[in-house]
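This report concerns only the one structure given below.
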Amino acid sequence: MSVKHSPISKNNMIKSISIINFMGYSQFKAKEFAPINVLIGKNDTGKTGLLKLLYASTKGVDTYSRKNETEDISFKKVISEKLSNTFQPGKKGLGELVSKHERGKLSVDMEFSHTKLSYNDRLYFSFGDSTTKNIIDCQDKINPISTNFRCLFIPAKEVLTPLKAIRATRDNLHMPGFDDTYLDLIRALVIPTQRGNIAEELKGVNKKLEDLFEGKIEQGIDDDFIFKKGHSEFHINLTAEGVKKIGILTTLIRNRQLNSNSVLFLDEPETTLHPEATRELVEMLMLMAKSGIQIFLATHNYFVLKQMHLCARRDEIDAKCFVLEREKGQAITSKEYLLNKDFPENAISDEALKMADEEAKIDLGL
């Protein structure tokens, strides 16, 4: 049976990418990303690094578009600063991102295309291992995108509890430690919500997310957050980690920082969640994709991958999985699968099979 291709793929912001000599990669290429894109692999296979590169590049376009409205600014400067603040490399600067496996420059060729926002453009930049802060080989300008566009990154660690400390560290003291994935997210979270201000296409998603824990996260005074459950209120420090993880998504939906014109990056979103909640979260991510949000996520979790596969098959949504592998001393390689057709061979399911084999041996007394 042929698989129908979801029409929402026309609203994917990130269409394709070609990366050369980036960290552990000699190359990584994706000719066409899907509404949902999953990165899996063992530790040290570059999942978070790849997510951050995609985010920093896309957020760079977003930042440039907003600044360009009020000032004459170079895109080259914006992308240099965003890469530096997202990766926070050491004393050698951006050159530390250049692969040590191959000789040559790091290069990124990225294509954007969003039908709903009438946006099409291409981003290219390249630099060598001697580059510290400023990228020279990059365009000075890129077509500005609509202010309705949003680009968000949710790290593996929750940010609601240390929110004030992170803001003080970066905004007031200008100290490294928390990179731009944290700072950008916090700046989005503290934007006030208004009653009835939820985007229509995400109202159902928001309700189901809040129903998971029979309550909701709300903004308090001075950027404090509280968890409301029935008539009870709990300070964010006394709230379960899983609740805070879901609360970040519901807050972003309620204050319209997460809308149908967004690209959402999630690094191990299942962290601190029970398997039942993990599967529910995947269902919600599928609904977000249907609303027009393009999703990129990295995971180690079998439940995430399997539920994503089941949802993609059931709803006939294009969802891609990139299996990242690294042999000792070698560069990272990638295999691409379409989750609405195949469940990929991967280290996660391999470990599940090994446990089943071990149990069978115990049962048989071998």
Side-chain angles (χ1 to χ4, degrees), residues 14-31 33 39 41 43-65 67-68 72-112 121-143 151 153 170 174-184 265 267 296 298 322 324-334:
I14 306 175
K15 182 178 181 181
S16 66
I17 196 166
S18 174
I19 303 169
I20 306 294
N21 294 337
F22 168 65
M23 298 178 73
Y25 295 89
S26 292
Q27 67 174 12
F28 176 89
K29 294 185 179 182
K31 292 184 178 179
F33 284 115
L39 305 177
N43 294 328
D44 195 33
T45 52
K47 299 183 299 298
T48 300
L50 189 53
L51 276 187
K52 284 186 173 183
L53 182 63
L54 288 164
Y55 171 75
S57 301
T58 309
K59 188 65 175 178
V61 176
D62 183 23
T63 302
Y64 170 79
S65 300
K67 288 187 174 183
N68 189 59
D72 184 17
I73 189 168
S74 166
F75 177 71
K76 192 181 299 185
K77 178 182 179 182
V78 171
I79 198 69
S80 297
E81 289 179 351
K82 182 51 67 176
L83 286 168
S84 292
N85 291 332
T86 299
F87 285 96
Q88 293 192 342
K91 293 181 180 179
K92 294 183 179 180
L94 290 173
E96 294 186 8
L97 303 182
V98 180
S99 173
K100 306 300 186 292
H101 292 281
E102 302 286 342
R103 291 188 176 184
K105 293 183 176 182
L106 181 159
S107 66
V108 173
D109 187 352
M110 196 167 177
E111 185 179 4
F112 301 106
D121 210 340
R122 201 174 200 103
L123 162 63
Y124 173 83
F125 62 85
S126 175
F127 57 87
D129 58 10
S130 62
T131 301
T132 53
K133 292 183 178 181
N134 300 315
I135 299 173
I136 304 300
D137 187 8
C138 176
Q139 68 250 54
D140 283 321
K141 297 184 180 297
I142 197 166
N143 288 331
C151 182
F153 190 112
R170 288 291 309 276
H174 306 291
M175 295 172 59
F178 294 100
D179 64 53
D180 265 16
T181 60
Y182 291 90
L183 185 62
D184 292 344
F265 298 87
D267 193 5
F296 291 82
F322 298 88
L324 308 176
E325 298 176 334
R326 185 206 288 265
E327 297 293 333
K328 188 175 181 179
Q330 301 296 313
I332 301 166
T333 60
S334 173

Any donor-acceptor N/O pair, Ser80 side chain to Ile135 backbone, under 3.5 Å: yes

Separation of Thr63 OG1 from Ile73 CD1 (nearest 0.5 Å): 9.0 Å

Parallel, tilted or perpendicular: ring planes of Phe153 versus Phe265, cut at 30 and 60 degrees: parallel

Heavy-atom side-chain proximity of Leu83 to Phe125 below 4.5 angstrom: yes

Any donor-acceptor N/O pair, Gln330 side chain to Arg326 backbone, under 3.5 Å: no

CA sep, side-chain torsions, deciding dist, call: Met110, Leu54, side-chain contact (heavy atoms from CB on, under 4.5 Å): CA-CA 9 Å; Met110 196 167 177; Leu54 288 164; 3.8 Å; yes

No-hydrogen, no-angle side-chain donor-acceptor test under 3.5 Å, Asp184 and Tyr55: yes

Trace of the salt bridge (Lys or Arg N to Asp or Glu O under 4.0 Å) decision for Lys52 with Asp179: CA-CA 10 Å; Lys52 284 186 173 183; Asp179 64 53; 2.8 Å; yes

Worked verdict on Cys138 versus Ile79 for side-chain contact (heavy atoms from CB on, under 4.5 Å): CA-CA 9 Å; Cys138 176; Ile79 198 69; 3.9 Å; yes

Donor-acceptor under 3.5 Å (Gln88 side chain, Phe178 main chain): yes

Among Leu97, Asp129, Leu94, side-chain contact (heavy atoms from CB on, under 4.5 Å) partner for Leu106: Leu97

Residue pair Asp267 / Thr48, side-chain donor-acceptor N/O under 3.5 Å: yes

Under 3.5 Å donor-acceptor, Tyr25 side chain and Thr45 backbone: yes

Aromatic ring proximity, centroids under 6.0 angstrom, Phe322 and Phe296: no

Asn85 side-chain N/O to Glu81 backbone N/O, donor-acceptor pair under 3.5 Å: yes

Expected output: side-chain Asp121 to main-chain Ile142 donor-acceptor under 3.5 Å: no

More than 12 heavy atoms of other groups within 6.0 Å of Lys29 NZ: no

Option from Lys77, Lys141, Lys67 for which salt bridge (charged side-chain N to carboxylate O under 4.0 Å, His left out) with Asp72 holds: Lys141

CA sep, side-chain torsions, deciding dist, call: Phe22, Ser99, side-chain contact (heavy atoms from CB on, under 4.5 Å): CA-CA 5 Å; Phe22 168 65; Ser99 173; over 6 Å; no

Heavy-atom donor-acceptor pair, Ser57 side chain to Leu53 backbone, under 3.5 Å: yes

Check: Asp137 main-chain N/O paired with Ser126 side-chain donor or acceptor under 3.5 Å: no

Reported CZ-to-CG distance for the pair Phe75 and Leu123, which is rounded to 0.5 angstrom: 4.5 Å

Asp180 vs Phe87, side-chain contact (heavy atoms from CB on, under 4.5 Å): CA-CA, chis, key distance, verdict: CA-CA 8 Å; Asp180 265 16; Phe87 285 96; over 6 Å; no

Any donor-acceptor N/O pair, Gln139 side chain to Arg122 backbone, under 3.5 Å: yes

Lys59 side chain vs Lys82 backbone, donor-acceptor pair below 3.5 Å: no

